[in-house]
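First comes the structure, then the notes that go with it.
A, B, ... follow the sequence lines: proteins, then strands. Residue 1 opens every chain.
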Amino acid sequence: MYIAFYSFRGTTALAAAESINVSDILIDIQQLTFSRGDRVIYRDLNMQFARGKVTAIMGPSGIGKTTLLRLIGGQLKPDSGHIMFGNEDIPLLSRNALYAARQRMSMLFQSGALFTDMTVFDNVAFPIREHTRLPESLIRLIVLMKLEAVGLRGARDLMPAELSGGMARRAALARAIALDPELILYDEPFAGQDPISMGVIVRLIRSLNNALNLTSVVVSHDVTEVMSIADYVYVVAEQTVIGHGTPEQLRAHPSPLVQQFLKGEADGAVPFHFKAAPYEQELMELVG
Amino acid sequence: MIADKLQQIGAATIGNVRGYGRAGIMLFGALLGKPDIRKGFPLLVKQLYVIGVLSLLIILVSGLFIGMVLALQGYTVLVKFGAEQMLGPLVALSLLRELGPVVTALLFAGRAGSAITAEIGLMKATEQLSGMEMMAVDPLRRIIAPRFWAGVISMPLLAVIFTAVGILGGHLVGVDWLGVDGGGYWSAMQANVDLYQDVMNGVIKSMVFALIVIWIALHKGYDAVPTSEGISQATTQTVVTASLAVLAFDFILTALMFGG
């Protein structure tokens with residue numbers, strides 16, 4: 001029944017491959033179209049993120065992966081299509097309902113987006129203080145637990161400017177899990193990290209996902225790291241999904257574009273050369 | 001050629017009107033809704049300190065010197081007509097009606113307005129505003145609203161302080177240095193300054209300027225292109241636009257209050 005339901009939207013693969021229930025899907029993106037000015041970013045995009053899993057979205061730079069996270073978070077509105085978060089369609093929510101939905105999700109920004117005028121402790125305490133009326137002693141307890149989970153309990157009194165890039169991202173991660181969200185969106189969590197902090201973040205994403213029963217969506221173009229932690233991967237290019245499956249399925253994917261991306265080949269379905277007149281012809285014209 | 005020019009003018013006008021619209025929506029979003037006293041009050045107090053108290057020094061020094069210069073300049077003219085006992089009203093009225101509100105607003109735009117624009121622009125560039133939104137905290141209410149109210153409350157107070165210090169500066173030069181009669185300085189001032197016509201109109205002017213300057217500063221920061229170049233442009237625009245707007249509105253308000 002549910003397979004028929006999904007095949008109606010042309011996305012049988014995930015439901016069939018993993019044989020999961022509709023209720024196991026936390027986010028269901030249907031027929032999403034989004035454009036900036038005249039430039040179409042996504043055309044009829046379909047994606048599903050299963051509850052409790054790490055789903056990765058990969059693709060070349062500049063195709064709007066971050067935009068997709070902002071669409072899920074309701075910061076941008078699509079031209080058409082649905083983004084179902086549980087039973088709610090994010091683009092149609094009223095302001096109050098959207099803010100209520102955002103309390104159940106978190107986003108880890110590429111820069112960390114820590115508040116520079118507060119200590120690490122206050123940064124992590126910020127969402128708790130804003131959304132609950134817990135006594136300060138309890139907030140202290142929660143914050144220390146979250147900081148312990150990312151290994152920064154000792155850095156609680158530092159200001160964000162005193163943290164290294166990797167530490168800032170971990171502090172931001174502690175803040176993102178402060179209110180125990182259902183969903184966490186990672187925007188390029190591995191970009192610009194040294195191998196050690198990259199390893200730490202890879203481990204954290206996986207272990208937090210399992211320990212806190214989160215649903216994680218990781219946007220990245222770091223193939224190795226993503227393939228090592230993701231349960232399911234979507235490869236996005238040319239305004240839509242060009243391939244999806246478990247990492248094993250994806251490695252055997254027939255599409256040359258997917259293969260080129262996974263192997264990082266310079267030339268292939270995505271040509272090395274930007275569109276231009278034939279080289280010889282142009283040289284001959286110059287020589288006259 | 002002419003069509004191109006017309007098109008440019010049209011595009012610029014539409015851009016401007018859009019800007020006003022966005023500024024209006026921003027303010028509307030920030031001020032609409034029930035204020036949360038428990039969370040809002042500490043934020044307001046912090047901004048009153050940053051925007052108001054930290055601007056005190058420049059206001060005090062400028063007020064003192066402008067009062068002193070006014071007395072010096074006024075005395076040299078008045079003494080020719082033997083009217084130096086009118087120095088008190090001259091200093092007081094100039095400051096109350098014009099210089100107090102206007103110069104305070106210009107200094108405020110340079111001191112606090114530029115800082116607010118840069119701060120909010122940088123918050124935007126470092127995704128702090130987006131981050132806040134994703135944490136289900138409305139940056140308009142958390143960041144914009146307290147700064148707006150702090151500006152609107154502190155600027156008229158700063159203008160009053162500026163004027164008071166200016167009058168004392170006038171006394172320092174006129175009475176203590178140039179030898180104008182001290183009793184005459186105060187009594188002539190008392191006789192010629194009207195509470196409603198002069199003091200209240202000055203305060204009203206200052207309130208209008210406060211609204212304009214803080215609104216422009218907040219909007220330029222919130223609307224800044226989130227790059228280093230964009231923020232530097234936004235900061236400059238805040239000072240230039242706010243200063244020009246203050247002078248334009250000063251003329252309009254003066255015409256309305258004292259013109260008839």
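For a residue to count as touching a neighbouring chain, one of its non-hydrogen atoms must lie under 4.5 Å from one of that chain's; by this rule A/Arg129 touches chain B with the backbone only. Heavy atoms closer than 4.5 Å to chain B are found in the side chain of A/Leu185, but not in its backbone.
By the 6.0 Å contact criterion, CZ on B/Arg22 is enclosed, its count of non-hydrogen atoms from other residues, nucleotides or ligands being greater than 12. Within a 6.0 Å sphere centred on OH of A/Tyr99, other residues, nucleotides and ligands contribute more than 12 heavy atoms. Atom CE of A/Met118 has more than 12 heavy atoms from other residues, nucleotides or ligands within 6.0 Å. In the displayed structure, A/Arg153 atom CZ is contacted under 6.0 Å by at most 12 heavy atoms of other residues, nucleotides or ligands. Other residues, nucleotides and ligands contribute at most 12 non-hydrogen atoms within 6.0 Å of the CD atom of B/Glu229.
Side-chain atoms of B/Arg38 and A/Arg133, non-hydrogen and from C-beta on, do get closer than 4.5 Å to each other. Taking 4.5 Å as the limit, every side-chain heavy atom of B/Gln128 sits out of range of all side-chain heavy atoms of A/Ser111. The shortest distance between side-chain heavy atoms of A/Phe126 and B/Val137 falls below 4.5 Å. A 4.5 Å side-chain heavy-atom check between B/Met134 and A/Ser106 finds every atom pair outside the cut-off.
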Check step by step if side chain to side chain contact (heavy atoms under 4.5 Å, CB included) holds for A/Asp117 and B/Lys46.
CA-CA 12 Å; A/Asp117 59 340; B/Lys46 185 179 175 210; 3.7 Å; yes
I'd like to know whether B/Met123 forms a side chain to side chain contact (heavy atoms under 4.5 Å, CB included) with A/Thr116, so could you lay out the CA-CA distance, the side-chain angles of the two residues, the decisive distance to 0.1 Å, and finally the verdict.
CA-CA 9 Å; B/Met123 279 184 172; A/Thr116 41; 5.9 Å; no
Apply side chain to side chain contact (heavy atoms under 4.5 Å, CB included) to the pair B/Met135 and A/Leu179, showing each step before the final yes or no.
CA-CA 9 Å; B/Met135 281 186 268; A/Leu179 282 178; over 6 Å; no
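In this structure, A/Gln103 and B/Ala136 approach most closely via the heavy-atom pair CG-CB, 3.6 Å.
Here OG of B/Ser130 is found 10.0 Å from CG of A/Asp187. Values are rounded to the nearest 0.5 Å. One finds the CZ atom of A/Phe115 at 7.0 Å from the CD1 atom of B/Ile143 (value rounded to the nearest 0.5 Å).
Note on B/Glu127 versus A/Arg70: salt bridge recorded, some NZ/NE/NH1/NH2 to OD/OE distance being below 4.0 Å.
For the set A/Glu130, A/Met105, A/Gln110, the count of heavy-atom pairs under 4.5 angstrom toward chain B peaks at A/Glu130.
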